[in-house]
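Note: hydrogens, waters and symmetry copies are ignored here, and every other heavy atom, side chains too, is used.
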Amino acid sequence: MAYSKMASKYYQEMQESFKNNNKSREFPAHSAKVHSVAWSCDGRRLASGSFDKTASVFVLEKDRLVKENNYRGHSDSVDQLCWHPTNPDVFVTASGDKTIRIWDVRTTKCTATVNTKGENINICWSPDGQTIAVGNKDDVVTFIDVKSHRSRAEEQFKFEVNEISWNNDNDMFFLTNGNGCINILSYPELKPIQSINAHPSNCICIKFDPTGKYFATGSADALVSLWTVEELVCVRCFSRLDWPVRTLSFSHDGKMLASASEDHFIDIAEVETGEKLWEVQCESPTFTVAWHPKRPLLAYACDDKEGKYDNNREAGTVKLFGLPNDS
């Protein structure tokens, strides 16, 4: 019983917090739609990757994002990016131009360009910081050594690979696939451990919570399912969205889960009860969400078109939710 009281206390606290801090603000980032947003491990910077072939980096100042730099070099869309897990100055971008690029915000330069075999669509950094995994449109995942910038391993899968991620302990590698399964490999051996039938349709995204207790998957069936890392058991489903779930993010304390789709809102759920804590209203589908690593601030990007009559222009803004109402 103590547990449900605790959960409701957190629920009340967050409800109160969002009542006073539910402002969203948008910041111009790109000349075309934004595919991916991610925070540096210390929460000082937010990076965004766009269809306009660039990445942008903002510095978070009190309650606004100030654009620091725009990173050029890719010759095709930047589909996904992520930061080094422990170095707040380094991030990596994956592009359709068959390369990944590693960037350093201190020099604002590309420190490495690694050629890959196909058009890259997803990327993640191992928790120990030593390896970058990148997946392409041909369902090949390449594991790149961060120091040598060479491929350590390459796996061709016989199914549609959607999102990829290590577990927090760095000893397992997870893939979500087009048949609704979660495939789990041992790491670094990359031997199949298990395949879980998670959803009746395409399993799109996967995220691990910072505490290492849970991971969540989002599917084309519009459901988000929550799994225990230890037993690999589904403990609950969140079903407030009506469209395929494209993106997920756990809050820094692991207690909130944001999920988004083509629905015109982002669902914020309390992880332990599944209750709706809040919903962030959007005017269009949401591509990407990311909680700040230390505060209840949510960065996100939508497929927003500028102006009601001119549908050819895409705004390319990055948005921030959780700002004080009086800011």
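- Among all heavy-atom pairs drawn from Q130 and D128, the shortest one is N-OD1, 2.9 Å.
- Using modelled atom types, one side-chain atom of N177 and one backbone atom of G180 make a donor-acceptor pair closer than 3.5 Å.
- When ring centroids are compared, H84 and W125 come within the 6.0 Å threshold.
- Rounding to the nearest 0.5 angstrom, the gap separating the CG atom in L257 from the CZ atom in R236 is 11.0 Å.
- Within the 4.5 Å cutoff, the side chain of I196 has heavy atoms near those of the L232 side chain.
- Ion pairing between a basic and an acidic side chain is recognised when a charged N comes within 4.0 Å of a carboxylate O; D104 and R106 show such pairing.
- Remark: side-chain polar atoms of D303 are not paired, donor with acceptor, to backbone N or O of S284 under 3.5 angstrom.
- Looking at heavy atoms from C-beta onward, P188 lies out of side-chain contact with R152 at the 4.5 angstrom threshold.
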Run Y214 and T228 through side chain to side chain contact (heavy atoms under 4.5 Å, CB included) and show every step you take.
CA-CA 5 Å; Y214 297 120; T228 57; 4.0 Å; yes
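- Residues L60 and G43 come closest through the heavy atom pair CD2-O, 3.9 Å.
- Formation of a donor-acceptor pair under 3.5 Å by the T54 side chain with backbone atoms of Y71 is not found in this model.
- In this structure, D76 and D97 approach most closely via the heavy-atom pair CB-N, 3.5 Å.
- Of the possible donor and acceptor atoms, one in the side chain of R25 sits under 3.5 Å from a partner among the backbone N and O of D63.
- Both F173 and F157 belong to a common hydrophobic cluster when Ile, Leu, Val, Met, Phe, Trp and Tyr are linked at side-chain heavy-atom distances under 4.5 angstrom.
- To the nearest 0.5 Å, the span separating CD1 on I144 from OG1 on T131 amounts to 9.5 Å.
- More than 12 heavy atoms of other residues, nucleotides or ligands shown are found within 6.0 angstrom of CD on Q156.
- The shortest non-hydrogen separation linking N202 to S219 is O-OG, 3.0 Å.
- Expressed to the nearest 0.5 Å, how far CG of L223 lies from OG of S239 amounts to 6.0 Å.
- V146 and V92 fall within a single hydrophobic cluster, where Ile, Leu, Val, Met, Phe, Trp and Tyr are joined by side-chain heavy atoms under 4.5 Å apart, directly or via other members.
- The environment of E13 atom CD is dense: over 12 non-hydrogen atoms of other residues, nucleotides or ligands sit within 6.0 angstrom.
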Quick one: do R295 and W39 satisfy side chain to side chain contact (heavy atoms under 4.5 Å, CB included)? Show the steps, please.
CA-CA 11 Å; R295 297 165 53 188; W39 293 98; over 6 Å; no
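- S24 has its side chain within reach of V280: a pair of non-hydrogen atoms, C-beta onward, lies under 4.5 Å apart.
- Of all the heavy atoms in D89 and W83, the pair that sits closest is C-CZ3, 4.2 Å.
- A donor-acceptor pair shorter than 3.5 Å cannot be found between the side chains of E272 and Y11.
- By the neighbour-count criterion of 12 heavy atoms within 6.0 Å, atom NZ of K67 is densely surrounded, having more than that number from other residues, nucleotides or ligands.
- Tested against D79 for a side chain to side chain contact (heavy atoms under 4.5 Å, CB included), the candidates I121, I123, N122 yield a single pass: I121.
- Using a distance-only test at 3.5 Å, with no hydrogens or angles considered, a donor-acceptor pair links the side chain of D42 to the main chain of R44.
- Residues T286 and C302 have side chains in contact (heavy-atom distance under 4.5 Å, counting atoms from C-beta outward).
- A distance-only check finds no donor-acceptor pair linking the side chain of S36 to the backbone of G49 [under 3.5 Å].
- How far CG of N21 is from OG of S327: 8.5 Å, rounded to the nearest 0.5 Å.
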Step-by-step side chain to side chain contact (heavy atoms under 4.5 Å, CB included) determination, F265 to L241:
CA-CA 9 Å; F265 67 91; L241 296 169; 3.8 Å; yes
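- Taken together through direct or relayed side-chain contacts under 4.5 Å among Ile, Leu, Val, Met, Phe, Trp and Tyr, V141 and L185 form part of one hydrophobic cluster.
- A donor-acceptor contact shorter than 3.5 Å links the side chain of S201 to the backbone of D221.
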Report the C-alpha distance between S165 and F208 in whole Å, list the side-chain angles of each, state the deciding distance to 0.1 Å, and finish with yes or no for side chain to side chain contact (heavy atoms under 4.5 Å, CB included).
CA-CA 8 Å; S165 180; F208 282 78; 3.4 Å; yes
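- Relative orientation of the F143 and W166 rings is perpendicular, given thresholds of 30° and 60° on the angle between their planes.
- For the 3.5 Å distance criterion, the side chains of S225 and T217 qualify, holding a donor opposite an acceptor.
- Scanning both residues, C205 and V245, for their nearest heavy atoms gives SG-O, 3.6 Å.
- Remark: the backbone N or O of I206 is paired with a side-chain donor or acceptor of E163 at under 3.5 angstrom.
- Residues F18 and I266 fall within the same hydrophobic cluster, defined by Ile, Leu, Val, Met, Phe, Trp and Tyr side chains chained together at heavy-atom separations under 4.5 Å.
- In this structure, NE2 in H252 is found 10.5 Å from NZ in K294, a value given to the nearest 0.5 Å.
- Residues S249 and Y300 fail the side-chain proximity criterion, which asks for heavy atoms closer than 4.5 Å.
- Clustering ILVMFWY residues whenever any of their side-chain heavy atoms sit less than 4.5 angstrom apart, transitively, puts F91 in a cluster other than the one holding V114.
- Residues F250 and F215 keep their aromatic ring centres 6.0 Å or farther apart.
- You'll find the side chain of V78 stays beyond 4.5 Å of the side chain of H35, heavy atoms only.
- With hydrogens and angles ignored, the 3.5 Å screen pairs no side-chain donor or acceptor of N22 with any backbone N or O of N325.
- Under 4.0 Å is where a charged nitrogen must lie from a carboxylate oxygen, and between D145 and R150 no such pair does.
- Between R240 and E279 no salt bridge is recorded (no basic side-chain N to carboxylate O distance below 4.0 Å).
- Remark: the N70 side chain and the S56 side chain contain an N/O donor-acceptor pair separated by less than 3.5 Å.
- Contact check for D209 versus V271: no side-chain heavy atoms found under the 4.5 Å cut-off.
- Few gaps surround NZ on K23; more than 12 heavy atoms of other groups in view lie less than 6.0 Å from it.
- Rounded to the nearest 0.5 Å, atoms OG (S151) and CG (N115) are 12.0 Å apart.
- Residues V37 and F287 have side chains not in contact (no heavy-atom distance under 4.5 Å, counting atoms from C-beta outward).
- With hydrogens and angles ignored, the 3.5 Å screen pairs no side-chain donor or acceptor of D169 with any backbone N or O of D171.
- No side-chain donor from either of S126 and Y187 sits under 3.5 Å from a side-chain acceptor of the other.
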